[in-house]
Number of protein chains: 2
Amino acid sequence: MGIAEGSLYKAFRDKRGVFLAAFERYVMLRSERLAQELANTRTGRDKVRAILAVYAEYSHGKTGRRGCLVVGSAVDLASSDPEMAKRVAAVLASQERRLVEFIREGQEDGSVSSRLDAAVSARLLLCVAQGMRVLGKTGRSRGEMASLVDSALKLLD
Amino acid sequence: MGIAEGSLYKAFRDKRGVFLAAFERYVMLRSERLAQELANTRTGRDKVRAILAVYAEYSHGKTGRRGCLVVGSAVDLASSDPEMAKRVAAVLASQERRLVEFIREGQEDGSVSSRLDAAVSARLLLCVAQGMRVLGKTGRSRGEMASLVDSALKLLD
DNA sequence: GATAATAGGAAACGATCACTTCCTAATCAA
DNA sequence: TTGATTAGGAAGTGATCGTTTCCTATTATC
């Protein structure tokens, strides 16, 4: 075992404390990984593509089957734990805002149609991303997931 | 209580038996509701729109917060219960096939671009639908969900 | 109305779970 | 090396859970 029960209860108040810390850590790691991918992008469209590509990567094979802690928390905890509901909503809202930002950026650099409603498009792309993680639970190949990325970008035309 | 413990164990083998029956019933009810909505459609694109509209309806407000049993099963049970994993995968695959069918239908009646890869587009639209149910867990308005429908249909252009 | 079948529900069971207590072993600073 | 802090871990506690047993109402059948 990586950590013993005795030490665990010295480091964390209770089971929920462990989970909150794990959730926070999960979100942070995922955010760092995304930032890393975003470093190699130029246009707004490229940034949206990078986000979707990361989700496609996470959603395939074994990793996909393991699932996403944010989605799992939304599904399992949001109805019974108001604090967790708040945190999950905050994470999704943050991703949504980032998508809005990248879409607007794309509209300025010409890589995204200026006729689009950035808010609606961002929400829709967030659905695509979270939906990937749901489909990924049923075991999908890298190809199945990766092919969704470019097709989804059609939404920005 | 609607049903007593004594009677419950006479009608079902165990807890899992209750769940399997509930799952089956849930899928059937949802399928009937969808068939009802599809009755008033003409083109392939209209049929896709109907599917998305039903998901948007289910995903908003209180119903959205309650969540979807299929998504919940995918997230919670698919990793630990192979039989449930199979059932969840079967339900999603069935919806995916139906979307493929409607897209092809749309390509023939001219309401959907013939340049599209029907399989990829169907998978992508399924992501949108399942993603709506995830976002819906965080409490979204009818308007927020409904506006996604027409935007998503852009994928069929 | 008698009889059989079914629903309702209390009580108890073993198992598991989250958690506490308490003691020992390892680590580290002085 | 000594003394103090921290990790590891066994054992026990109370609560909850899934399930079984058994008995009493209720309902349906003839």
Side-chain angles (χ1 to χ4, degrees), chain A residues 1-32 62-92 133-134 136-139, chain B residues 1-33 58 62-92 133-134 136-139:
Chain A
M1 289 289 260
I3 191 167
E5 200 177 9
S7 314
L8 220 173
Y9 278 97
K10 282 164 196 158
F12 301 94
R13 186 202 305 260
D14 54 15
K15 189 192 175 191
R16 194 159 173 280
V18 179
F19 185 79
L20 289 178
F23 185 84
E24 213 164 310
R25 180 184 141 89
Y26 179 86
V27 171
M28 206 196 63
L29 289 179
R30 293 271 272 82
S31 162
E32 284 173 2
K62 200 176 161 186
T63 324
R65 280 206 139 91
R66 191 179 305 128
C68 169
L69 191 56
V70 175
V71 173
S73 302
V75 169
D76 293 329
L77 272 27
S79 304
S80 60
D81 186 332
E83 165 67 18
M84 275 308 303
K86 224 178 66 184
R87 298 204 184 197
V88 168
V91 171
L92 292 183
R133 303 242 52 175
V134 175
K137 287 292 293 185
T138 70
Chain B
M1 288 290 265
I3 191 165
E5 201 176 8
S7 314
L8 220 173
Y9 276 98
K10 282 163 198 160
F12 301 95
R13 187 202 303 262
D14 55 13
K15 188 194 175 189
R16 194 160 173 280
V18 179
F19 184 79
L20 289 178
F23 185 84
E24 215 163 309
R25 178 183 142 88
Y26 179 86
V27 170
M28 207 196 63
L29 289 178
R30 294 270 272 83
S31 162
E32 285 172 2
R33 162 72 190 274
Y58 278 130
K62 202 177 160 185
T63 322
R65 281 205 138 92
R66 190 178 307 129
C68 169
L69 191 55
V70 176
V71 173
S73 302
V75 169
D76 293 330
L77 271 28
S79 305
S80 59
D81 186 332
E83 166 66 18
M84 275 308 303
K86 223 178 67 184
R87 298 204 184 196
V88 168
V91 171
L92 292 184
R133 303 242 52 174
V134 174
K137 287 293 293 184
T138 70

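Basis for what follows: all heavy atoms, side chains included, without hydrogens, waters or symmetry-related copies. Each chain gets a letter, A, B and so on, in the order the sequences are listed, and its residues count up from 1.
Here the shortest heavy-atom pairing between A:Ser73 and A:Phe19 reads OG-CZ, 3.5 Å.
Distance NZ (A:Lys10) to P (D:dA4): 18 Å, rounded to an integer number of Å. A:Phe12 places its CZ atom 16 Å from the C1' atom of C:dA18, with the value rounded to the nearest Å. We find that CZ of A:Phe19 is positioned 13 Å from P of C:dA18, with the value rounded to whole Å. A straight line from CG of A:Asp14 to C1' of C:dT20 spans 13 Å, rounded to a whole angstrom. Between B:Ile3 atom CD1 and C:dT6 atom C1' the separation is 11 Å, expressed in whole Å. Between B:Leu8 atom CG and C:dT6 atom P there is a gap of 16 Å when expressed in whole angstrom units. We find that OH of B:Tyr9 is positioned 18 Å from P of C:dA12, with the value rounded to whole Å.
Of the candidates C:dG8, D:dT19, D:dG9, the closest approach to any side-chain atom of B:Glu5 belongs to D:dT19.
An OP1 or OP2 oxygen of C:dG8 is reached within less than 4.0 angstrom by a side-chain nitrogen or oxygen of B:Ser7. For D:dG18, one of the phosphate oxygens OP1 or OP2 lies less than 4.0 angstrom from a side-chain nitrogen or oxygen of B:Lys15.
The neighbour count for B:Arg33 CZ, taken as heavy atoms of other residues, nucleotides or ligands under 6.0 Å away, is above 12.
Not a single side-chain contact (heavy atoms from CB on, under 4.5 Å) links A:Arg65 to another residue, sequence neighbours left out.
For the pair B:Arg133 (side chain) and B:Tyr58 (backbone), a donor-acceptor distance under 3.5 Å is present.
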